[in-house]
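The structure appears right after this line, and notes come after that.
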Amino acid sequence: MDASSAAPEGAIDSLTGLLQRDALLAALRDAATPENGGGQPFALLALDLDRFKTVNDTLGHAVGDALLRAVGRRIRTAVRGGDLAGRIGGDEFAILMGHPAGEVAAQALAARLVELIGRPFLLDGHSVVIGASVGIALFPFDASEPEPLLRCADLALYQAKAEGRGDQRRFRPALRARAEARRQMESDLRAAIALGQFELHYQPHVELGSGRLAGFEALLRWRHPARGLVAPGEFVPLAEETGLILPIGEWVLRTACREAAGWSDPSLVVAVNVAAAQLARRELAAQVKSTLAATGLAPERLELEVTETALLHDVTTATATCQELRALGVRISLDDFGTGYSSLSRLRSFPLDRVKIDRSFVTGIATEAESAAIVRAVAALGSSLGLRTTAEGVETPSQLAELEQNGCTDAQGFLFSQPVPSARVEALINRIAADRQGPGDKEAIAA
Amino acid sequence: MSGMQPALRRVIYVSHTVTDPDEPIGPVLASILTAARRNNPRIGVTGALLYTARRFAQVLEGPPEAVEAIFETIQCDLRHDHVTVLEVSAPTVRAFADWSMAFVADAPVRAETLGEAGGAAELLAMLQAAIRNTEAATA
Ligand SMILES: Cc1cc2nc3c(=O)[nH]c(=O)nc-3n(C[C@H](O)[C@H](O)[C@H](O)COP(=O)(O)O)c2cc1C
């Protein structure tokens with residue numbers, strides 16, 4: 001049952017030469033139904049290309065089509081005589097393995113597919129390397145009905161992609177539970193804004209040298225009715241995947257501006273994190289402008305923190321948006337510097353006011369020469385470019401001393417305070433002011 | 001200024017042999033070269049193939065569509081893997097105009113240097129020199 005010979009004419013996808021979705025699903029139903037001559041054990045592979053969208057976006061649809069055509073050919077090269085391969089979505093494929101198709105045979109085919117599709121493609125003068133991830137499900141062990149079996153293969157595929165792509169995974173029942181938990185979390189997250197379950201906590205950043213409080217970074221927290229306070233690391237990735245980060249980001253911006261406008265010291269800056277998806281939209285500047293107008297916060301008091309990855313995602317839009325924002329008077333800072341891919345020289349071309357040095361360098365500054373050297377280099381470059389440099393995650397007085405010596409201008413971390421709920425911001429403002437006036441002992445701040 | 005030159009494409013890649021190390025490689029090489037010498041002239045492709053220490057290095061040049069098509073055929077060949085493209089370029093002249101597929105065995109390169117940056121130019125020069133030497137010896 002070769003894909004191209006056994007199937008009726010119309011059932012072949014003309015681009016890839018593989019079965020069309022409906023034909024593959026029909027064959028899957030037959031294979032799972034004893035009355036239709038099926039019921040024997042078989043394997044189902046779900047395959048997805050890893051960087052297809054990037055190729056399509058950067059080299060155009062014609063090249064994208066040529067790539068799919070070549071992928072179709074490579075899949076046909078990899079499969080065995082009795083296997084059926086089909087294209088079931090834009091860049092999604094499925095392979096129904098005929099007999100014998102136990103776990104070993106399925107893994108061997110998956111490895112062959114991953115290897116073949118991982119080889120370079122030569123398209124329109126470009127050498128293009130994509131990759132493929134594969135999920136494996138076995139009939140009847142993983143599921144005895146066609147649709148659930150496809151779902152199992154898909155879950156295994158998601159797992160392969162989540163664990164770094166370019167590899168294969170076999171379905172495990174735990175994946176089903178995990179997918180269920182994710183679905184639950186997604187629907188909870190959808191409801192969270194309306195139910196008022198989000199809150200902002202504020203962590204101070206302090207000017208080195210003077211010890212003056214410069215402002216606060218607004219940090220998102222989710223007060224989940226059953227799970228308690230959930231840290232952003234546990235829900236932000238899901239929010240980004242589902243697009244919920246946009247309404248959440250808007251809420252954060254609005255709330256941070258409103259709360260900061262009420263602080264007793266009108267010189268304090270509030271720093272708000274901006275996600276890649278927000279930065280990629282041209283509306284961000286307009287949204288910030290109307291939020292400032294609505295809350296009465298002066299533009300100079302708002303600082304937006306962007307990450308390297310968000311900037312690199314779409315450099316042109318990001319640069320234009322940051323320029324517009326700075327024209328409003330809003331400041332831009334680059335968050336987690338050192339963890340992404342940007343080089344020091346790249347800093348020059350982005351419209352920035354501040355660089356925040358990632359905590360991983362700060363942690364080692366008092367004990368490792370390399371960390372100190374990196375911090376010193378970033379601080380020196382920052383000062384020559386007219387940028388402020390904030391060290392994140394400062395926990396000890398000796399780190400603080402090193403940072404001052406190495407030329408950082410600002411610092412943030414547990415040494416000054418952990419993030420506090422909105423209601424405790426005023427007390428913190430007073431405490432830091434009192435600490436400055438008291439005997440100049442920095443240890444006292446650590447309390 | 002010369003008139004309209006037909007566009008040329010050159011691709012240079014390296015790969016690993018996946019045939020059984022205990023089997024002689026001769027028949028595999030013969031089969032590849034027979035196919036190349038049968039197919040390449042029909043589509044205007046010329047080039048050179050190096051086999052050394054279980055690695056291949058190949059230069060393919062000709063009309064862009066023809067080079068891209070034969071390259072894709074070769075990518076689907078299960079007798080090699082770990083394919084790395086070193087260069088894709090648009091040269092003005094062919095480096096191996098007289099050869100449907102020149103063959104060089106056990107050339108004076110270390111296999112490890114084949115995939116390194118800057119390796120493409122070095123490889124090309126080495127293959128051209130090896131072929132000139134062969135021609136001189138047999139002339
Ligand atoms: C390293 C390597 C280089 C090859 N080079 C060529 C080539 O230049 N031309 C070619 O037609 N086939 C080449 N092949 C063989 C092709 O992969 C394929 O087997 C052949 O084109 C099939 O030809 P046929 O359809 O005429 O039998 C090469 C294979 C390998 C492994």
Side-chain angles (χ1 to χ4, degrees), chain A residues 2-4 15-18 47 49-52 55 58-60 62-81 83 85 93 95 105 108-132 134 166-168, chain B residues 5-19 35 39-40 43-45 47 55-92 114-121 123-124:
Chain A
D2 176 34
S4 43
L15 195 57
T16 58
L18 305 176
L47 182 151
L49 303 182
D50 287 337
R51 279 172 292 274
F52 177 71
V55 173
T58 54
L59 299 177
V63 171
D65 282 357
L67 177 58
L68 288 174
R69 201 173 293 122
V71 166
R73 178 162 174 196
R74 291 196 190 178
I75 292 176
R76 280 179 279 132
T77 303
V79 298
R80 310 163 311 167
D83 302 336
F93 303 85
I95 294 111
L109 175 57
R112 208 152 60 231
L113 286 162
V114 167
E115 199 278 320
L116 266 173
I117 296 173
R119 296 183 186 187
F121 294 86
L122 194 58
L123 301 165
D124 199 24
H126 303 273
S127 166
V128 172
V129 178
I130 54 166
V134 178
D167 205 353
Q168 53 166 300
Chain B
Q5 288 276 348
L8 276 179
R9 174 89 70 237
R10 177 188 296 145
V11 58
I12 305 180
Y13 73 86
V14 292
S15 63
H16 293 199
T17 329
V18 283
T19 50
N39 298 325
N40 296 3
I43 55 172
V45 168
R55 309 286 175 103
F56 289 114
Q58 191 174 31
V59 181
L60 293 161
E61 50 188 25
E65 307 76 56
V67 168
E68 291 183 7
I70 193 66
F71 178 82
E72 185 52 34
T73 302
I74 297 169
Q75 290 315 295
C76 289
D77 199 315
L78 297 171
R79 292 173 293 187
H80 65 164
D81 65 5
H82 290 92
V83 181
T84 308
V85 170
L86 302 184
E87 176 186 308
V88 184
S89 59
T92 47
L114 280 179
E116 284 173 6
L123 191 66
L124 193 65

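In the text below, chain A, chain B and the rest are named by the order of the sequence lines, each starting its count at 1. Every value quoted in this text rests on a predicted model; they were computed, and no experiment measured them.
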#### Entry: Closest heavy-atom pair and its distance - B:C76, A:R74
SG-CG, 3.7 Å
### Task
Please determine, among A:A66, A:A70, A:G118, A:P120, the option with the most heavy-atom pairs under 4.5 Å with chain B.
A:P120
#### Entry: B:E72 side-chain N/O to A:F121 backbone N/O, donor-acceptor pair under 3.5 Å
no
### Task
Mind checking the CD1-OG spacing from B:I12 to A:S127? Nearest 0.5 Å is all I need.
12.5 Å
### Task
Check whether any side-chain heavy atom of B:D81 sits under 4.5 Å from a side-chain heavy atom of A:R119, and report yes or no.
yes
### Query
Which one, B:V67, B:V11, B:V88, leads in non-hydrogen pairs under 4.5 Å with chain A?
B:V88
